[in-house]
There are 2 protein chains.
Amino acid sequence: MTEQEQNQLNQYLFGLAKKENYKKGTIIIKEGEVSSKFYYLEKGILRGWTNNDGKEITFQFLFEEQLFCATESFFYNTPCSYSIETIEDSVLLYIDKEEMNLLQNDKSFEKLFNKYLISRLALYQNLLIARIQDKPEVRYRKLFQEKPEILLRIPQHYVASYLGITPVSLSRIRNRQ
Amino acid sequence: MTEQEQNQLNQYLFGLAKKENYKKGTIIIKEGEVSSKFYYLEKGILRGWTNNDGKEITFQFLFEEQLFCATESFFYNTPCSYSIETIEDSVLLYIDKEEMNLLQNDKSFEKLFNKYLISRLALYQNLLIARIQDKPEVRYRKLFQEKPEILLRIPQHYVASYLGITPVSLSRIRNRQ
DNA sequence: CTTGAACGATAACAATTGTTAAGAAAAAGA
DNA sequence: TCTTTTTCTTAACAATTGTTATCGTTCAAG
């Protein structure tokens with residue numbers, strides 16, 4: 001998906017969108033509830049996490065200019081299996097599902113959205129492969145190379161959880177470098 | 001995506017498809033090459049794997065009645081970053097990308113394919129979350145509960161690789177139960 | 001049927017990570 | 001500013017996994 005196509009899609013989706021400010025620590029999408037909004041993160045950082053026997057597991061970070069929704073919940077109207085919250089003060093744009101349904105009559109939108117889905121699918125496949133392939137220490141090094149901003153803007157215990165290790169272990173790995 | 005929608009999509013895609021038999025151990029999609037076919041696995045089992053410093057990492061198994069393609073390679077015409085091979089004698093249906101492009105003019109197909117992409121996206125998100133959430137031993141137990149046929153039909157060292165551990169460690173885990 | 005390769009179990013030791021706890025530093029709130 | 005909370009580091013020990021090697025067993029090709 002080219003940058004131009006991305007901009008066109010954003011224009012379709014968020015040309016008439018509402019804008020809202022959220023303080024750090026606000027839950028945008030809540031585990032167990034149905035989420036029927038499609039979002040664009042204009043400013044800030046978000047974190048996706050699930051509850052695992054009382055322990056929070058962080059599985060995703062979202063940065064500026066990122067489109068997102070709770071895919072399964074949004075498209076199938078099912079309770080969401082995870083939460084998404086702000087870890088900085090953030091600005092979000094959003095549209096409701098009904099507004100999105102209206103867009104689906106537009107063939108040009110449909111084609112763009114198709115491309116968006118394909119790019120997301122490819123991304124998640126690559127994320128999954130990378131996670132199977134690499135051990136925690138390698139995952140840390142790659143993350144540090146590819147997205148150093150994650151390590152600068154996000155508390156380390158969230159990063160540790162995202163890497164699938166404990167904060168103690170991450171601290172040790174960092175110290176080894 | 002309902003079963004009916006799935007059948008409709010399969011009919012669109014593979015109504016006029018070629019059918020081919022492959023012996024066990026045949027490479028269907030080869031790492032480094034561009035794959036421009038969309039497949040349906042009628043019979044057999046496939047395995048997706050990548051080369052990681054000389055070590056094979058298995059990241060996916062495909063079973064009967066499964067649609068698949070090398071997403072990134074197929075849609076973006078890039079060299080594929082992994083291989084897919086048969087681990088049993090298998091029967092595949094396939095169409096070329098040009099045939100698929102013709103289908104894209106059909107609005108009904110487009111809608112179905114959209115739903116397919118959404119279902120795949122949701123699946124991969126869940127796979128990724130599960131992998132971040134669970135430790136190797138838990139992953140094994142869940143796999144055993146959800147897909148015991150994997151453990152019966154697939155050599156254990158492939159399963160171990162898929163779980164992100166060594167065959168030795170998998171053998172130990174199995175012995176602990 | 002025979003032979004070599006592939007597969008799985010086990011053992012011993014190394015390396016890594018988890019757990020718990022304590023303390024220092026930084027950030028947030030009053 | 002002062003206090004409280006959060007975050008990060010470090011240490012000691014436990015648990016898990018990795019590595020290497022050996023040994024039957026099974027599978028497959030000839």
Side-chain angles (χ1 to χ4, degrees), chain A residues 21-27 44-45 47 49 52-59 61 85-90 131-144 148-177, chain B residues 21-27 44-45 47 49 52-59 61 85-90 131-144 148-177:
Chain A
N21 289 280
Y22 294 96
K23 288 234 160 188
K24 172 177 174 176
T26 308
I27 292 186
I45 300 185
R47 173 177 82 98
W49 56 274
N52 200 24
D53 292 330
K55 286 183 183 173
E56 271 186 19
I57 309 286
T58 296
F59 64 89
F61 299 114
E85 69 172 41
T86 57
I87 54 180
E88 283 183 4
D89 293 354
S90 302
R131 184 155 285 267
I132 294 178
Q133 214 167 30
D134 302 329
K135 295 175 206 258
E137 184 164 347
V138 177
R139 288 208 287 275
Y140 170 78
R141 283 210 306 272
K142 284 192 179 175
L143 187 66
F144 187 70
E149 74 266 26
I150 285 187
L151 302 158
L152 298 173
R153 293 172 67 184
I154 295 176
Q156 255 180 59
H157 61 286
Y158 291 152
V159 176
S161 176
Y162 176 72
L163 291 171
I165 54 180
T166 59
V168 177
S169 189
L170 176 55
S171 183
R172 278 189 293 229
I173 288 173
R174 284 164 60 88
N175 222 284
R176 260 182 244 149
Q177 312 289 317
Chain B
N21 289 281
Y22 295 95
K23 287 234 162 187
K24 172 177 174 176
T26 309
I27 291 185
I45 300 185
R47 173 177 82 99
W49 57 274
N52 199 25
D53 292 332
K55 286 184 184 172
E56 272 187 19
I57 309 286
T58 297
F59 64 89
F61 299 114
E85 68 172 42
T86 56
I87 54 180
E88 284 184 1
D89 292 355
S90 302
R131 184 155 284 268
I132 295 178
Q133 213 167 30
D134 302 329
K135 294 177 209 265
E137 185 164 348
V138 177
R139 287 208 287 276
Y140 170 78
R141 284 211 306 271
K142 285 192 178 175
L143 188 65
F144 188 69
E149 75 267 26
I150 285 188
L151 302 159
L152 297 173
R153 293 172 66 184
I154 296 175
Q156 253 180 61
H157 61 286
Y158 292 153
V159 176
S161 177
Y162 176 72
L163 291 170
I165 55 179
T166 60
V168 177
S169 189
L170 176 57
S171 182
R172 277 189 294 229
I173 288 174
R174 285 164 60 88
N175 223 284
R176 262 184 242 147
Q177 312 291 315

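Letters A, B, ... are given to chains in the order of the sequence lines, protein chains preceding strands, and every chain is numbered from 1. Since we're looking at a predicted model, the values are computed, not measured.
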Axis-to-axis angle between the two ends of the helix from C:dC1-D:dG30 to C:dA30-D:dT1 (five base pairs per end, rounded to 10 degrees): 60°
Closest listed nucleotide, where the reference is the side chain of B:Pro155 and the choices are C:dT20, D:dC8, C:dC7: C:dC7
Gap between atoms CG and C1', on B:Asp89 and D:dA28 respectively (whole Å): 13 Å
Residue from B:Arg141, B:Lys142, B:Arg139 passing salt bridge (Lys or Arg N to Asp or Glu O under 4.0 Å) with B:Asp134: B:Lys142
N/O (side chain, B:Thr166) to phosphate O (OP1/OP2, D:dT17) under 4.0 Å: no
Phosphate-side-chain proximity, B:Gln156 and C:dA6, N/O vs OP1/OP2 below 4.0 Å: no
For atom CZ of B:Arg176 and atom P of C:dA11, their distance in whole Å: 14 Å
For atom CZ of B:Arg172 and atom P of D:dA15, their distance in whole Å: 15 Å
Touch class at under 4.0 angstrom, heavy-atom based, for B:Ser171 against every strand present: base
B:Glu137 CD - D:dT17 C1' separation (whole Å): 11 Å
Distance test, side-chain N/O of B:His157 to OP1/OP2 of C:dA6, below 4.0 Å: no
Side chain of A:Ser169 (C-beta onward), nearest among C:dG18, D:dG18, C:dG8: C:dG18
